[in-house]
Amino acid sequence: MKAAIVTGASRGLGRATALALAKEGYALALCARYEFSDVIKELNGMGATTMMRMFDVRRYDSVQWFVEDVMSVYGRIDVLVNNAGHATPRTDLESLRRSDIRQIVNTNLFGTTWLLMKVLPIMKAQGSGTIVNIGSKAGRYPSPGAAMYSASKAAVHALTQAVAREVRDTKIRVVTVSPGPMNTEMRQTTDGDAAQQQSPEFVAGIISDVVTGRLTWAPDILYPKSRVSLPSGADVLVWKNNVHVFPMEELK
């Protein structure tokens, strides 16, 4: 049985992604800072194989312990979905507290980095794996009032593409899925318009398609009707229930 890690899995997109991957038959290793009971009930009702741990991805030592724990339980890691994220209500940069800036960067960038550092050697030893880093539309189109959030997600895009190049001679795929606004608790907290946005379940379905290889890409050059596998390093923008793939451009 293949195993998948999903961070920030207690609610929102993380919860929806866990449920989507459970339907695909993955054994799940879930983590979050918040209580898991509702997700546990749903996954138990599906008969999913699941382990769950509560900790903060900002802590390197906790990430190390978690990955070791996953390996002791499943003996492999086939998928990593770096979903855990943090945002604050919209405000000008000069009004942000330093503690807010640290929490945004430590969660969105460093938390993602710590998981990558610990999981990549395992996938290299296995000879395969899929990593999905959750970016944001704001990382490609920076949003006023969300300067640090936009910057942290742009950094995730850069991190993804650099790592994709580092593992290009392996069978490890590293991509970014970048949702636009979603109907989640985090969106309601930061902007208050969550009900008008796309559902996390729709975005989770796209993540599932990336993981399983169902999401393909139609190149615009030479063969516009051809469908090829999603290239490593790609950024998959999911906005207003539409999907657009930005392939990683090679340096000239």
Side-chain angles (χ1 to χ4, degrees), residues 2-24 26-46 48-59 62-63 66-67 69-70 74 77-88 103-104 106-116 118-119 130-139 149 152-153 156 160 175-190 194 197-212 236 238:
K2 292 186 175 182
I5 290 175
V6 182
T7 68
S10 62
R11 58 187 185 179
L13 180 59
R15 167 192 163 277
T17 300
L19 294 172
L21 293 182
K23 291 177 182 177
E24 298 293 339
Y26 282 88
L28 299 175
L30 309 180
C31 68
R33 288 187 295 158
Y34 302 102
E35 199 268 332
F36 271 108
S37 60
D38 291 341
V39 183
I40 292 172
K41 290 179 182 177
E42 291 179 278
L43 291 169
N44 285 345
M46 297 169 61
T49 301
T50 309
M51 61 176 285
M52 302 180 184
R53 303 290 185 265
M54 290 183 66
F55 71 94
D56 192 335
V57 297
R58 295 175 295 179
R59 296 182 58 87
S62 296
V63 169
F66 174 66
V67 172
D69 197 15
V70 174
Y74 293 134
I77 299 172
D78 300 279
V79 174
L80 167 62
V81 181
N82 267 317
N83 167 74
H86 182 76
T88 59
Q103 190 164 3
I104 290 168
N106 288 344
T107 305
N108 298 350
L109 179 57
F110 291 147
T112 295
T113 302
W114 305 153
L115 265 299
L116 285 171
K118 291 302 174 184
V119 169
T130 299
I131 296 172
V132 179
N133 294 326
I134 302 302
S136 171
K137 172 179 170 286
Y149 180 79
S152 69
K153 291 300 187 177
V156 169
T160 299
V175 302
T176 309
V177 172
S178 298
M182 292 180 290
N183 184 5
T184 63
E185 183 178 334
M186 187 170 78
R187 178 71 185 190
Q188 187 62 35
T189 300
T190 57
Q197 310 303 334
Q198 64 188 348
S199 73
E201 288 75 20
F202 178 79
V203 179
I206 301 303
I207 295 170
S208 178
D209 287 346
V210 170
V211 168
T212 60
V236 182
V238 187

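Position 1 is the first residue of the sequence, and the numbers go up from there.
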What's the spacing between [X] [atom1] and [Y] [atom2] if we round to 0.5 Å?
X    : Y    : atom1 : atom2 : value
R58  : T107 : CZ    : OG1   : 4.5 Å
I5   : D78  : CD1   : CG    : 10.0 Å
T50  : I40  : OG1   : CD1   : 8.5 Å
M52  : S10  : CE    : OG    : 10.0 Å
M182 : S136 : CE    : OG    : 8.0 Å
L80  : L116 : CG    : CG    : 6.0 Å

Any donor and acceptor pair, going by atom type alone, linking the side chain of [X] with main-chain N or O of [Y] inside 3.5 Å?
X    : Y   : answer
N83  : T7  : yes
N108 : H86 : yes
E24  : Y26 : no

Taking all atoms of both residues into account, what is the closest heavy-atom pair of [X] and [Y], and its distance?
X    : Y    : result
S62  : D56  : CB-O, 4.1 Å
V177 : I207 : CG1-CG1, 4.0 Å
A32  : A9   : CB-N, 3.8 Å
F55  : R33  : O-CG, 3.5 Å
R11  : Y34  : NH2-CE1, 3.2 Å
L28  : A22  : CD1-CB, 3.9 Å

Would you check if [X] and [Y] make a side-chain contact, meaning some heavy-atom pair closer than 4.5 Å?
X    : Y    : answer
V119 : V70  : no
I134 : N82  : no
V57  : C31  : yes
T49  : Y74  : yes
Q198 : P179 : yes

Walk me through it: do L30 and L43 pass the test side chain to side chain contact (heavy atoms under 4.5 Å, CB included)?
CA-CA 11 Å; L30 309 180; L43 291 169; 3.6 Å; yes
If you count every heavy atom of other residues, nucleotides or ligands that lies below 6.0 Å from R59 atom CZ, does the total exceed 12?
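Result for CZ/R59: open.
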Does atom NZ (K2) have a neighbourhood of more than 12 heavy atoms from anything else shown, all under 6.0 Å?
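For K2, atom NZ is not crowded (no more than 12 foreign heavy atoms under 6.0 Å).
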For E201, is there an ion pair with R15 - N to carboxylate O distance below 4.0 angstrom?
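Yes, this pair counts.
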Stepwise side chain to side chain contact (heavy atoms under 4.5 Å, CB included) check, V67 with L115:
CA-CA 8 Å; V67 172; L115 265 299; 4.2 Å; yes
Test item: side-chain donor near acceptor, N133 and T160, under 3.5 Å:
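Note: N133 and T160 side chains meet the donor-acceptor criterion.
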